[in-house]
Undergrad: 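Mind looking over this structure? Questions follow.
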2 protein chains.
Amino acid sequence: MHTIDEIIQSMASRGLRITDQRKTLAKLFAESPGYLAPKEVYEFMGKSYAGLSFDTVYRNLRVMEELGVLEQVMFEEGVKFKLHCREHDHHHHMICLQCGHTYPITYCPMEQTAVPDDFRVVKHKFEVFGYCKECVQEETAASER
Amino acid sequence: MHTIDEIIQSMASRGLRITDQRKTLAKLFAESPGYLAPKEVYEFMGKSYAGLSFDTVYRNLRVMEELGVLEQVMFEEGVKFKLHCREHDHHHHMICLQCGHTYPITYCPMEQTAVPDDFRVVKHKFEVFGYCKECVQEETAASER
DNA sequence: TTTTTTGCAAACGTTTTGCAAGAAC
DNA sequence: GTTCTTGCAAAACGTTTGCAAAAAA
């Protein structure tokens with residue numbers, strides 16, 4: 001849903017300077033199907049930028065998150081980022097534990113959940129974790145080796 | 001479901017020494033209705049133990065988690081602990097953002113969720129966040145002051 | 001030329017570790 | 001007496017900050 005240009009556009013229109021690093025970040029997230037840890041982002045970026053510093057990656061991730069370009073989710077292993085979902089419909093995710101790839105779930109459990117009147121609901125989280133087709137196949141192949 | 005004695009028993013039966021600190025921890029979690037951050041645990045424990053060190057609290061939380069006495073959950077604000085749910089039925093939680101109190105939700109969204117055949121589900125997470133009766137009242141009272 | 005962004009270094013908060021003294025068994 | 005647990009100190013880790021140099025506008 002998000003092209004590289006759209007991401008760059010939305011950063012530029014908010015007064016951010018479009019640096020090479022930010023272009024690369026836009027490309028990375030536009031092409032990445034799932035969640036990325038800051039360290040993974042740093043390592044990817046490091047391939048293109050010799051003297052890259054971790055804190056710049058962090059700063060840019062935070063800026064992009066504050067802009068609404070990225071969304072941040074807490075996993076057991078720590079914070080991860082992905083492109084903010086642009087879909088209009090409220091939805092949830094199936095997340096591959098191996099590759100981080102996410103797939104939308106249109107069903108929302110709140111429809112069926114009985115909440116007491118005296119509990120004021122603010123938000124909810126529904127996530128399904130497992131292994132996607134590709135990663136199941138790899139795993140099977142590896143164990144047969 | 002967990003009494004102090006049951007917790008202590010299950011620690012002793014696994015070869016752990018029953019120290020004063022561990023007794024106090026058992027009491028704290030047996031009587032606490034919701035999630036506690038390590039810092040909160042440390043602060044509570046500090047009232048009873050003069051020269052208490054943070055790392056001992058951490059070690060004990062981890063040991064109790066490995067034993068299955070506690071369960072650990074990642075929130076935006078960091079890791080928190082609570083007694084491991086002993087209920088036989090699979091269930092989820094409503095969690096108060098103010099006091100950390102948890103309430104069970106018997107409904108499980110997986111019943112209704114269409115998962116593609118080629119995605120191998122390992123686990124899922126369904127959590128409802130909001131404010132419980134008591135905390136809504138406090139908030140209302142505070143804003144009217 | 002002005003303002004933002006970057007890399008560096010250092011600080012910060014949380015969590016983990018090695019070790020010797022102390023406590024539980 | 002043996003083994004586990006504790007407190008201390010220090011390290012490790014992820015994340016944030018201040019600052020001067022460099023780059024974008």
Side-chain angles (χ1 to χ4, degrees), chain A residues 4-5 7-28 35-67 69-81, chain B residues 4-5 7-28 35-67 69-81:
Chain A
I4 302 177
D5 284 345
I7 298 169
I8 289 175
Q9 201 46 48
S10 78
M11 291 203 279
S13 68
R14 303 275 218 104
L16 291 192
R17 307 246 156 126
I18 303 311
T19 63
D20 281 356
Q21 277 195 46
R22 285 178 179 162
K23 277 184 207 156
T24 309
L25 276 173
K27 187 168 188 301
L28 172 61
Y35 290 95
L36 295 171
K39 198 187 237 170
E40 294 173 303
V41 177
Y42 174 66
E43 276 157 14
F44 176 87
M45 299 283 291
K47 292 177 194 166
S48 318
Y49 302 89
L52 182 69
S53 64
F54 220 120
D55 48 82
T56 304
V57 172
Y58 264 100
R59 266 189 285 239
N60 280 326
L61 288 174
R62 188 150 21 84
V63 165
M64 290 170 80
E65 198 251 329
E66 280 160 11
L67 235 65
V69 173
L70 298 183
E71 64 186 66
Q72 194 184 23
V73 177
M74 257 295 184
F75 291 91
E76 318 280 309
E77 326 86 59
V79 173
K80 297 198 178 186
F81 294 85
Chain B
I4 302 177
D5 285 345
I7 297 169
I8 290 175
Q9 201 46 47
S10 78
M11 291 203 279
S13 68
R14 304 275 219 104
L16 291 193
R17 307 247 156 123
I18 303 311
T19 63
D20 280 357
Q21 276 194 46
R22 285 179 180 163
K23 278 185 207 155
T24 309
L25 275 172
K27 187 169 188 298
L28 172 60
Y35 290 95
L36 295 171
K39 199 186 234 171
E40 293 172 304
V41 176
Y42 174 67
E43 276 157 14
F44 176 87
M45 299 282 291
K47 291 177 193 163
S48 318
Y49 302 90
L52 182 69
S53 64
F54 220 121
D55 48 82
T56 304
V57 172
Y58 264 101
R59 267 189 286 239
N60 280 326
L61 288 174
R62 188 147 23 85
V63 165
M64 290 169 80
E65 198 249 329
E66 280 161 10
L67 234 66
V69 173
L70 297 184
E71 64 186 67
Q72 195 184 24
V73 176
M74 257 294 185
F75 291 89
E76 316 280 310
E77 326 85 60
V79 174
K80 298 199 177 185
F81 294 85

Undergrad: When you measure from the side-chain N and O atoms of Arg17(B) to the phosphate of dT6(D), is any distance below 4.0 Å, counting only OP1 and OP2?
TA: no
Undergrad: Can you tell if the side chain of Leu67(A) reaches within under 4.5 Å of the side chain of Leu16(A), non-hydrogen atoms only?
TA: yes
Undergrad: Heavy atoms only: give me the nearest Tyr49(A)-Asp20(A) pair and the separation to one decimal.
TA: OH-O, 2.9 Å
Undergrad: Counting the atoms with a prime plus P, OP1 and OP2 as sugar-phosphate, which does Asn60(A) contact under 4.0 Å by heavy atoms, base, sugar-phosphate, or nothing?
TA: sugar-phosphate
Undergrad: Distance check needed: dT5(C) P versus Glu66(A) CD, whole Å only.
TA: 12 Å
Undergrad: Taking DNA chain D as the partner, which of residues 38-54 of chain A come within under 4.0 angstrom of it by heavy atom?
TA: Pro38(A), Lys39(A)
Undergrad: Using whole Å, report how far CD of Glu65(B) lies from C1' of dT16(C).
TA: 15 Å
Undergrad: Rounded to the nearest Å, what distance is computed from the CZ atom of residue Arg62(B) to the P atom of nucleotide dT14(C)?
TA: 16 Å
Undergrad: Report yes if a side-chain nitrogen or oxygen of Thr19(A) is closer than 4.0 Å to either non-bridging phosphate oxygen (OP1 or OP2) of dA23(D); otherwise report no.
TA: no
Undergrad: Decide side chain to side chain contact (heavy atoms under 4.5 Å, CB included) for Phe44(B) and Leu36(B); before the verdict, give the C-alpha distance in whole Å, the side-chain angles of both, and the deciding distance to 0.1 Å.
TA: CA-CA 10 Å; Phe44(B) 176 87; Leu36(B) 295 171; over 6 Å; no
Undergrad: Rounded to whole angstrom units, what separation is found between the CD atom of Gln72(A) and the C1' atom of dT16(D)?
TA: 13 Å
Undergrad: Which is it for Ile7(A) and Met64(A) under the side chain to side chain contact (heavy atoms under 4.5 Å, CB included) test, yes or no, and what are the steps along the way?
TA: CA-CA 9 Å; Ile7(A) 298 169; Met64(A) 290 170 80; 4.2 Å; yes
Undergrad: For Leu25(B) and dT5(D), give me the distance from atom CG to atom C1', rounded to whole Å.
TA: 13 Å
Undergrad: Taking only side-chain nitrogens and oxygens of Arg22(B), does any of them come within less than 4.0 Å of OP1 or OP2 of dT6(D)?
TA: yes
Undergrad: From CG of Leu61(B) over to P of dT14(C), roughly how many Å is that when rounded to an integer?
TA: 14 Å
Undergrad: Find which nucleotide of DNA chain D each of Leu16(A) and Asp20(B) is nearest to by heavy atoms, and output the residue with the more 5' nucleotide.
TA: Asp20(B)
Undergrad: Report yes if a donor N or O on one partner sits less than 3.5 Å from an acceptor N or O on the other, where the partners are the side chain of Asp55(B) and the base of dA10(D); otherwise report no.
TA: no
Undergrad: With a cut-off of less than 4.0 Å, is there a side-chain N or O of Gln21(A) near OP1 or OP2 of dG7(C)?
TA: yes
Undergrad: In whole Å, I'd like the distance from the NZ atom of Lys23(B) to the P atom of dT6(D).
TA: 12 Å
Undergrad: For side chain to side chain contact (heavy atoms under 4.5 Å, CB included), just list the numbers for Val41(B) and Phe81(B), CA-CA rounded to whole Å, side-chain angles, deciding distance to a tenth of an Å, and then say yes or no.
TA: CA-CA 9 Å; Val41(B) 176; Phe81(B) 294 85; 5.8 Å; no
Undergrad: Please work out if Arg59(A) contacts a base, only the sugar-phosphate, or nothing of the nucleic acid, heavy-atom cut-off 4.0 Å.
TA: base
Undergrad: Which pair of non-hydrogen atoms, one from Met74(A) and one from Phe75(B), has the smallest distance, and what is that distance?
TA: CG-O, 3.5 Å
Undergrad: Determine whether a donor-acceptor pair (N or O, by modelled atom type, separation under 3.5 Å) exists between the side chain of Arg22(B) and the backbone of Arg17(B).
TA: yes
